[in-house]
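Chain A is the first sequence line, chain B the second, and so forth, proteins listed ahead of strands; every chain is numbered from 1.
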There are 2 protein chains.
Amino acid sequence: MSPRQPDKSPSQVDVARLAGVSTQTVSRVLSGQGSVRPETARRVMAVVDQLGYRVHAAAASLASGRTRLLGVLVVSTDRYSSSALGVGIEHAAAANGYTVTTAAVPDHASGEAFFEAFDRLERQGAEGVVIGVPVELNSPAMRMRMDRTPSIRSERASLAEDAPLAVDQHAIARLAVEHLLDLGHETVWYVSGDDYWLESQHRREAWEQTLLERGITPPPVIPGDWTPESGYRAGRTIAAIPGVTAVFVSSDEMAFGLLRALHEAGRTVPDDISVVSVDDIALAAYASPALTTVRQPFEALGRAATLRLIAEIEGRDAVGDLPETEPTLIVRSSTARPQAATSS
Amino acid sequence: MSPRQPDKSPSQVDVARLAGVSTQTVSRVLSGQGSVRPETARRVMAVVDQLGYRVHAAAASLASGRTRLLGVLVVSTDRYSSSALGVGIEHAAAANGYTVTTAAVPDHASGEAFFEAFDRLERQGAEGVVIGVPVELNSPAMRMRMDRTPSIRSERASLAEDAPLAVDQHAIARLAVEHLLDLGHETVWYVSGDDYWLESQHRREAWEQTLLERGITPPPVIPGDWTPESGYRAGRTIAAIPGVTAVFVSSDEMAFGLLRALHEAGRTVPDDISVVSVDDIALAAYASPALTTVRQPFEALGRAATLRLIAEIEGRDAVGDLPETEPTLIVRSSTARPQAATSS
DNA sequence: TTGTAAGCGTTATCAG
DNA sequence: CTGATAACGCTTACAA
């Protein structure tokens, strides 16, 4: 609607001229590199303010070879994990003078789509990228990309690998299952997330393993896909199975659906069935009943990943300053000791 | 850990040399601008693939004066509205060859912090910005910024102004209140969002106005701040007030807290009290009872805002292709006719 | 402490 | 249809 203003924005040259110095001096003042007589600096800054001058990022990065741009690769940004991660990433980036650009790939995107998104980030000049989607890190195509631009993944690639960065999915499942077992439940059923996600697979493995360690044969997995709808379906399935007293659901959102299905089927939580989920979203405390859940420190994780990434980009080490990323069990009202069998 | 590869990435010159053409031809092939003999183009592309060449964004935008970068200004990205908006923005941007960079300002940020974020986006080269936070658009500082970089706001600045873009907050409140009134409730109480947000203020105004139009004196506003905790507090307050039969809560998240408080106080929804909220988040259908709510089409809004912004940047008009952004009432189980007064 | 000169990798302009 | 050549606005040497 409004016409684009024709007068181009002021450049370093304009500032230099008005301040009666060379462009180099202007650059020095603005970057803080090199020494400038205080008085000169003041004079330059005055002109900068007067003109409303700001460095042209493209020109600066063309000349310096640095963009201070970080890329983030996530699935549809409205997922809880994506946005929670994003908060941590943005903070850490901003604190270090980096900016962030996001590329979202659709859920269940093909490897193709993923590479495309990665390339888009590289093309924009991202000096590093935080990967928040499930990808096969060992494919040649991925290796090639990670080779030229440092990348860090916010989840562990395999149960065995010890990525100091990822939330320990094994620990999450163990925390949940052991809580239930320690309460006196004889076994724990598992409602999975979408197995497209490694997290989901890892939790299943750890759930199985924890049960096995106690000499319990794992019951069949009830499949879910993270959505409340799938939790609801899982709840109906579970309600139809006699004898179930404890369920580990792979996300809070699914737990909401599960709770409703159980309620509709006349099962009360936690009296008939105990439920523990994962994430600790803001609403978890306001489910009925309030959810016992394993909190994932996504924000800390995003921060940690970013800090490490920046360290790698700048060629230093980033030990010591890394935030804690251990999952923690939050006990609320959806879990209890199993009812005495007398009632049945 | 891994050393940065010393061999710099290939440039247009490298491609040109290998393909036996000028850099200009390479540029033409890659941009699709200007005509090139098909055979030449093929030869260039072959070299491009072979070398893994990709244009250097900074250089390109320095030369062309275009960045194809859009900025987004939101509060803490983990808010539902922010991320839902973001999804729409990203889609529309990607579909038009633009990339997106986000600047998050803390909730309740000062005008200062906001301008800083805006400037950061400008410095990065954003050609336009979508504003998703409450700001005074008429301050000189803001005027100045919007003057040099096209900006579009995803909410209506005042109840009177008819921004074709914003979700109609007035309509939201009217939909909610009239639904309740039509059900037979004598008045409707209102739990506000955070009044730092214009949306919240506008909904209050419209709630008041709708009541007044029917000759009803609005009861006092129960203050909230969007969080489930504040909804819970509001619920306790309401439970202590005799005679309340209908409540309009300004967000689904608050509704969850409200529901819990009401439940704890022994009031049943919707039999004793009807509740309608706003947003229609994924979990709204899984509250107990399922929430009747006014859906805000955030994604469509983000898309529409972006489309208009791009149109403005490119100096064309964007009529016709704008998505619908009307709010819609979703009736579920948290509302019903008031119980006959006989029971009291 | 300050200035000069030479690029950085593209695209635009103008010839051919 | 293709190719020189000149910007684009800044930073990094190197000189003064």
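From the 5' end on, the contacts that DNA chain C makes with chain A at under 4.0 Å to a non-hydrogen atom open and close at C:dT1 to C:dG9.
Panel note: side chain B:T99, backbone B:L69; no donor-acceptor pair is recorded below 3.5 Å. In this structure, the side chain of B:S151 engages the main chain of B:T149 through a donor-acceptor pair within 3.5 Å. The backbone N or O of A:V36 sits nowhere less than 3.5 Å from a side-chain atom of A:T40 that would complete a donor-acceptor pair. Put simply, the side chain of A:T101 gets close to the backbone of B:V100: a donor and an acceptor are under 3.5 Å apart. A side-chain donor-acceptor contact under 3.5 Å links B:S139 to the backbone of B:M142.
In this structure, the CD atom of B:Q33 is 15 Å from the P atom of D:dC1, given to the nearest Å. Between the CD atom of B:Q24 and the P atom of D:dA4 there is a distance of 11 Å, given to the nearest Å. Residue B:R17 contributes atom CZ, which lies 15 Å from atom P of D:dG3 at whole-angstrom precision. Remark: P of D:dC1 and CZ of B:R43 are 14 Å apart, rounded to the nearest angstrom.
One axis for each end of the helix from C:dT1-D:dA16 to C:dG16-D:dC1, each built from five base pairs, and the angle between them comes to 30° at 10° resolution.
Between B:E299 and B:R303 there is a salt bridge, with a side-chain nitrogen of the basic residue lying less than 4.0 Å from a carboxylate oxygen of the acidic one. A salt bridge links B:R54 and A:E122; the closest N-O separation between the charged side-chain nitrogens and carboxylate oxygens is under 4.0 Å. Ion pairing of A:E127 with A:R68 is absent here, as no side-chain N (NZ or NE/NH1/NH2) approaches a carboxylate O to less than 4.0 Å.
Contact annotation for A:R66: no contact, since no heavy-atom pair falls under 4.0 Å across all strands. The residue A:T40 sits close only to the backbone: its heavy atoms come under 4.0 Å of sugar-phosphate atoms, none of a base. Using a 4.0 Å heavy-atom distance criterion, A:S11 is classed as a sugar-phosphate-only contact.
The phosphate of D:dT11 (OP1 or OP2) has a side-chain N or O of A:Q12 nearer than 4.0 angstrom. Between B:R28 and D:dC1 there is no side-chain N or O to OP1 or OP2 distance below 4.0 Å.
With contacts defined as side-chain heavy-atom distances shorter than 4.5 Å, the pair A:Q12/A:V15 does not qualify.
In terms of position on DNA chain D, the residue among A:L62 and B:G34 whose nearest nucleotide sits closer to the 5' end is B:G34.
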